[in-house]
Amino acid sequence: GFEWAASFSLKPFEAKATRELASTACASFEGRTGKPLATEIQGSADIPKSLWNAPVACVVVSSTKREAAPADENDVKDGEDPNEDGLIIKYANLAALETVGLKPDEWDRFIAMPDQAGTPKLPENPVAIDLPSDMKGDIKYASGYSKKIMRGKEGGDATTIINGHRWSIEKSSLLGGKFVTQVLGVAYAWEEWLIGEDIVCRPGGVREERLREEDIEESIEAQAASIRDLKEVQGFGNKDQEVVDAVQELMRLKSILEDLKA
């Protein structure tokens, strides 16, 4: 009884249920990808606390009111509450709270902590997001995942996670002499998200203007033309500092383009 009562004041990296889920999510990710979810987790003596503070957003979602999410993964329609379809947030860390605009101490507006019977209790005044609560077919892991998870309030900018991972979290246990696999939920992790179409955000308050391939390609063409002008019109040679600096800038732009296409 005390453990259940205390869970309402314990942070997600302190409460037993969310600690176990955080550890399982990390182990499951590493098992499916061969890599740790975050370098901060490697060798950590307290994985749930390390994940809580990691510069990678992580949430675990599941469904209680129906067996599965809708087949299509379109964004929720205007006027709909994503929570009405049974989506619950079983776990979230600091970077995930930052993504949805919550402060570190406002996790209780996002995470459905379990009650005495182990049933997740939906938060009061919750912040709702739209993420599928299951994975279709035999797919257990997917990378490069992007999705609009929150509509902008009152015509404001929407929030979209980009280049994320998602994977099914399962737990095997012995039941009646047989191993039974129970799906605990679907985990999502991301290092970047968009506010509107043009602002890229990262954990820790980082905000940058989004770089687009077409813009970088235009800059590369302009820089190449500038180098030709320096050499053919102004008469500079390859070893002149003006040309050396211009070529370095061209290489920098090409490197950015390669990263964007990777």
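Here the structure is a predicted model, which is why all the values come from computation and not from measurement.
Looking at D130 and K147, a side-chain N of the basic residue comes within less than 4.0 Å of a carboxylate O on the acidic one, giving a salt bridge. Taking the charged nitrogens against the carboxylate oxygens, K254 and E258 have no contact shorter than 4.0 Å, which rules out a salt bridge. The pair D46-R19 meets the salt-bridge criterion, since a charged nitrogen lies less than 4.0 angstrom from a carboxylate oxygen. Looking at K140 and D138, no side-chain N of the basic residue comes within less than 4.0 Å of a carboxylate O on the acidic one, giving no salt bridge. The existence of a salt bridge linking K49 and E14 is excluded, since no basic side-chain nitrogen approaches an acidic carboxylate oxygen closer than 4.0 Å.
Remark: side-chain polar atoms of E98 are paired, donor with acceptor, to backbone N or O of G205 under 3.5 angstrom. In terms of modelled atom types and a separation under 3.5 Å, the side chain of S226 and the main chain of A222 share no donor-acceptor contact. A donor-acceptor distance shorter than 3.5 angstrom exists from the side chain of N93 to the backbone of C58, with no hydrogens or angles considered. Of the possible polar contacts, one joining the E106 side chain to the K103 backbone as a donor-acceptor pair under 3.5 Å is found. Side chain of R109 to main chain of P126: no donor-acceptor pair is present (N/O by atom type, distance under 3.5 Å, no hydrogens or angles). Here the side chain of T18 pairs a donor or acceptor atom with the backbone of P12 at under 3.5 angstrom.
When all heavy atoms of S172 and T181 are compared, the closest pair comes out as OG-OG1, 3.4 Å. Here the closest heavy-atom approach between residue R32 and residue E170 is recorded as NH2-OE1, 3.8 Å. Of all heavy-atom pairs spanning A92 and W52, the tightest one is O-CZ3, 3.3 Å. For the pair S133 and S62, the tightest heavy-atom approach, listed with the atom from each and the gap, is CB-C, 3.7 Å. The two residues A142 and M135 come nearest to each other via the heavy atoms N-CE, 4.2 Å. Between A95 and A54, the closest heavy-atom pair is CB-O, 4.0 Å.
Side-chain heavy atoms closer than 4.5 Å link hydrophobic residues (I, L, V, M, F, W, Y) into clusters, and following such links, even through other members, never connects L37 to I162. Hydrophobic clustering (ILVMFWY, side-chain heavy atoms < 4.5 Å, transitive): L184 and V186 are in one cluster. Linking Ile, Leu, Val, Met, Phe, Trp and Tyr residues whenever their side-chain heavy atoms come within less than 4.5 Å places V127 and I111 in a single cluster. L194 and L102 fall into different hydrophobic clusters, where Ile, Leu, Val, Met, Phe, Trp and Tyr side chains are chained together by heavy-atom contacts under 4.5 Å. The cluster map of Ile, Leu, Val, Met, Phe, Trp and Tyr, joined by side-chain heavy atoms under 4.5 Å apart, puts V60 and V183 in different clusters.
Side-chain polar atoms of N53 and E40 form no donor-acceptor pair below 3.5 angstrom. With no hydrogens or angles considered, no side-chain donor-acceptor pair links W167 and T33 at under 3.5 Å.
Residue-environment remark: CD1 (I139) stays at or below the threshold of 12 foreign heavy atoms within 6.0 Å. The number of heavy-atom neighbours closer than 6.0 Å to CD of Q234, taken from other residues, nucleotides and ligands shown, is above 12. Within 6.0 Å of CD in E214 there are more than 12 heavy atoms belonging to other residues, nucleotides or ligands.
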* Asked: Would K231 and I227 count as a side-chain contact (heavy atoms from CB on, under 4.5 Å) if you check the C-alpha gap in whole Å, the side-chain angles of each, and the deciding distance to 0.1 Å?
  -> CA-CA 6 Å; K231 295 167 70 173; I227 292 170; 3.8 Å; yes
Requested in this report: Evaluate side-chain contact (heavy atoms from CB on, under 4.5 Å) for F110 paired with V100, printing each intermediate quantity in order.
Outcome: CA-CA 9 Å; F110 197 48; V100 300; 4.0 Å; yes
- Going through the distances and angles, do R207 and I195 end up as a side-chain contact (heavy atoms from CB on, under 4.5 Å)? CA-CA 9 Å; R207 288 187 168 219; I195 301 295; 4.2 Å; yes
Q.
Apply side-chain contact (heavy atoms from CB on, under 4.5 Å) to residues K90 and M113 and explain how you reach the verdict.
A. CA-CA 7 Å; K90 298 178 76 172; M113 297 294 276; over 6 Å; no
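Here the side chains of Y91 and V59 are not in contact, with every heavy-atom distance at 4.5 Å or above. Counting only heavy atoms from C-beta outward, the side chains of C26 and L51 approach each other to under 4.5 Å. A heavy-atom distance below 4.5 Å is not found between the side chains of D245 and E249.
Here R252 contributes atom CZ and L250 contributes atom CG; the two are 10.5 Å apart, rounded to the nearest 0.5 Å. Note that the CD atom of E30 and the CD1 atom of I41 stand 8.5 Å from one another [nearest 0.5 Å]. The line from CH2 of W107 to CG of L94 is 12.0 Å long, rounded to the nearest 0.5 Å. K121 NZ to I88 CD1: the interatomic distance, rounded to the nearest 0.5 Å, is 13.0 Å. Between the CD atom in Q42 and the CD1 atom in I47 there is a gap of 10.5 Å [rounded to 0.5 Å]. The structure places CG of D215 at 11.0 Å from CG of L257, a figure rounded to the nearest 0.5 Å.
Pairs passing the ring-ring contact (aromatic ring centres under 6.0 Å, His included) check and including a residue from residues 210-257, sequence neighbours excluded, do not occur.
Ring pair Y145/H165: centre-to-centre distance not below 6.0 Å.
Just one of T160, N163, T99 meets the side-chain contact (heavy atoms from CB on, under 4.5 Å) condition when paired with W190; it is T99.
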